[in-house]
Student: 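Have a look at the structure that comes next, please.
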Number of protein chains: 2
Amino acid sequence: MATKTALFIVAEGSEELELVAPVDILRRANVTVTIADLADSEYVKTKSNLLIKTDAKLKDVKNNKFDAVVIPGGPSHKVLSSADVVGQILLEHEKCGKVIAAICAAPFVLFKHGIAKGKSLTSYPTVKSDIEGFYQYKEDSTVVDGNLVTSRGPATAVEFGLALVEVLLGNEEKVKVAKGILYPL
Amino acid sequence: MATKTALFIVAEGSEELELVAPVDILRRANVTVTIADLADSEYVKTKSNLLIKTDAKLKDVKNNKFDAVVIPGGPSHKVLSSADVVGQILLEHEKCGKVIAAICAAPFVLFKHGIAKGKSLTSYPTVKSDIEGFYQYKEDSTVVDGNLVTSRGPATAVEFGLALVEVLLGNEEKVKVAKGILYPL
């Protein structure tokens with residue numbers, strides 16, 4: 001079986017825990033993760049001023065197809081919401097039935113690009129009022145609706161990562177990774 | 001009140017979630033965090049192959065005093081266990097009554113450097129047998145014994161970070177940060 005792949009789209013201000021937890025968890029499940037910054041930077045500067053190396057320039061991978069496209073939250077949600085290339089990547093992956101995932105403020109990015117309207121999702125509370133009318137808004141910590149995976153904030157980033165493993169690789173792999181990181185299921 | 005300070009000592013193979021979660025959480029509490037790599041590298045390569053920029057060379061800060069010294073887990077615990085400079089930093093901080101913290105396999109680093117013997121602690125299960133005879137070993141997800149803070153693994157890294165905020169700044173600040181990241185208390 002070919003390795004599953006995931007693209008993380010980040011920008012200056014992305015929330016580091018919401019980036020690093022799912023990346024760590026997906027790599028434990030042998031998913032090939034590509035972190036790409038909207039500005040095509042070699043490093044992304046996160047919300048709390050970490051510099052984390054990216055794996056590729058977004059312009060070089062924007063036409064590739066991944067099994068999942070993941071968007072961490074943080075103040076970066078504003079620039080990601082107005083970037084055409086982000087909308088194109090999301091729409092193309094939605095069209096092909098790929099997994100689309102967003103956490104914290106990042107479901108606002110999905111909303112602005114017209115992704116997954118009508119589906120069940122959740123988000124950080126501050127963006128709820130902007131998006132709730134267009135989705136079946138839930139207060140659960142992580143919501144999976146088919147190929148759409150959303151979660152609420154930094155404290156749910158581990159659960160979010162494990163939900164991605166389950167959607168991509170099944171429950172058995174999720175249980176294996178959860179056990180390794182001592183996450184109670 | 002002067003800002004509280006924390007030194008994170010890392011090395012190649014440090015577990016990224018156990019580094020990033022407490023750094024994120026401490027910076028949300030306005031703690032001045034310094035990440036320093038044992039090899040004095042500009043970037044630390046973590047367990048799952050992230051490159052994260054360090055804030056200082058360990059050789060440049062090894063004689064400084066911090067309010068807390070924190071050691072993330074991961075395969076890096078082996079090299080950190082045998083590095084004299086790590087032992088010197090830990091012993092000096094223990095002598096001054098500063099906070100010492102370790103997560104996952106990193107309590108083994110404390111053990112090898114003779115730190116906090118007899119106190120209550122926890123660790124990742126695989127290092128339990130090496131250290132349990134020298135401590136009051138607990139199975140709790142995070143254990144605070146005076147100025148010693150230990151935790152069990154990646155899935156407890158957020159709780160570990162919040163425990164550090166409480167020990168350094170009190171319960172009110174912990175509650176504030178927990179609320180911001182949507183951590184249920």
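Just so it is clear: chains get the letters A, B, ... in the order the sequence lines come, proteins before strands, and each one is counted from 1.
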Student: Can you confirm whether more than 12 heavy atoms, excluding those of B:Lys78, are under 6.0 Å from its NZ atom?
Tutor: no
Student: Tell me whether A:Lys98 at atom NZ has more than 12 heavy atoms from other residues, nucleotides or ligands lying less than 6.0 Å away.
Tutor: yes
Student: Crowded around B:Lys45 NZ? As in, over 12 foreign heavy atoms under 6.0 Å?
Tutor: no
Student: If you draw a 6.0 Å radius around NZ in A:Lys179, do more than 12 non-hydrogen atoms from other residues or ligands fall strictly inside?
Tutor: no
Student: Give a yes or no on whether A:Val177 and B:Ile103 share a hydrophobic cluster (residues Ile, Leu, Val, Met, Phe, Trp, Tyr; joining criterion: side-chain heavy atoms under 4.5 Å apart).
Tutor: yes
Student: Pick from A:Val158, A:Asp24, A:Leu50: which one has the most heavy-atom pairs with chain B under 4.5 Å?
Tutor: A:Asp24
Student: Would you say A:Lys95 has more than 12 foreign heavy atoms packed within less than 6.0 Å of its NZ?
Tutor: no
Student: What part of A:Val33 lies closer than 4.5 angstrom to a heavy atom of chain B: side chain, backbone, both or neither?
Tutor: neither
Student: Between B:Val23, B:Val20, B:Ile52, which has the largest tally of heavy atom pairs under 4.5 Å with chain A?
Tutor: B:Val20
Student: Would you check if B:Leu17 and A:Leu17 make a side-chain contact, meaning some heavy-atom pair closer than 4.5 Å?
Tutor: yes
Student: Return yes when atom NZ of A:Lys176 has more than 12 non-hydrogen atoms of other residues, nucleotides or ligands closer than 6.0 Å, and no otherwise.
Tutor: no
Student: Same cluster or not: A:Leu168 versus A:Ile9, using hydrophobic residues (I, L, V, M, F, W, Y) connected whenever any side-chain heavy atoms lie under 4.5 Å apart?
Tutor: no
Student: State plainly whether one hydrophobic cluster holds both A:Ile71 and A:Phe134, where clusters connect Ile, Leu, Val, Met, Phe, Trp and Tyr through side-chain heavy atoms under 4.5 angstrom apart.
Tutor: yes
Student: Closest heavy-atom contact between A:Arg28 and B:Pro154?
Tutor: NH2-CG, 3.7 Å
Student: Does a sphere of radius 6.0 Å around CD in A:Glu139 hold more than 12 heavy atoms from other residues, nucleotides or ligands, not counting ones at 6.0 Å or beyond?
Tutor: yes
Student: How long is the straight-line distance from CD of A:Glu18 back to CD1 of B:Ile181, given to the nearest 0.5 Å?
Tutor: 9.5 Å
Student: With chain A as the partner, which of B:Gly153, B:Pro125, B:Ala155 has the greatest number of non-hydrogen pairs under 4.5 Å?
Tutor: B:Ala155
Student: Would you give the length of the straight line joining atom SG of A:Cys104 to atom CG of B:Leu182, rounded to the nearest 0.5 angstrom?
Tutor: 7.0 Å
Student: When only pairs under 4.5 Å are counted, which of A:Ser48, A:Ser141, A:Ala178, A:Ala21 shares the most heavy-atom pairs with chain B?
Tutor: A:Ser48
Student: Which pair of non-hydrogen atoms, one from A:Tyr124 and one from B:Gly180, has the smallest distance, and what is that distance?
Tutor: OH-O, 2.6 Å
Student: Among B:Thr156, B:Leu51, B:Thr46, which has the most heavy-atom pairs under 4.5 Å with chain A?
Tutor: B:Leu51
Student: Contact part of A:Asn49 toward chain B, heavy-atom cut-off under 4.5 Å: side chain, backbone, both or neither?
Tutor: both
Student: Is B:Leu162 close to chain A through its backbone or its side chain, or both, or neither, when contacts mean heavy atoms under 4.5 Å?
Tutor: neither
Student: So what's closer than 4.5 Å to chain B heavy atoms on A:Ile35: side chain, backbone, both or neither?
Tutor: side chain
Student: Which bit of A:Glu159 comes within less than 4.5 Å of chain B, counting heavy atoms only: side chain, backbone, both or neither?
Tutor: neither
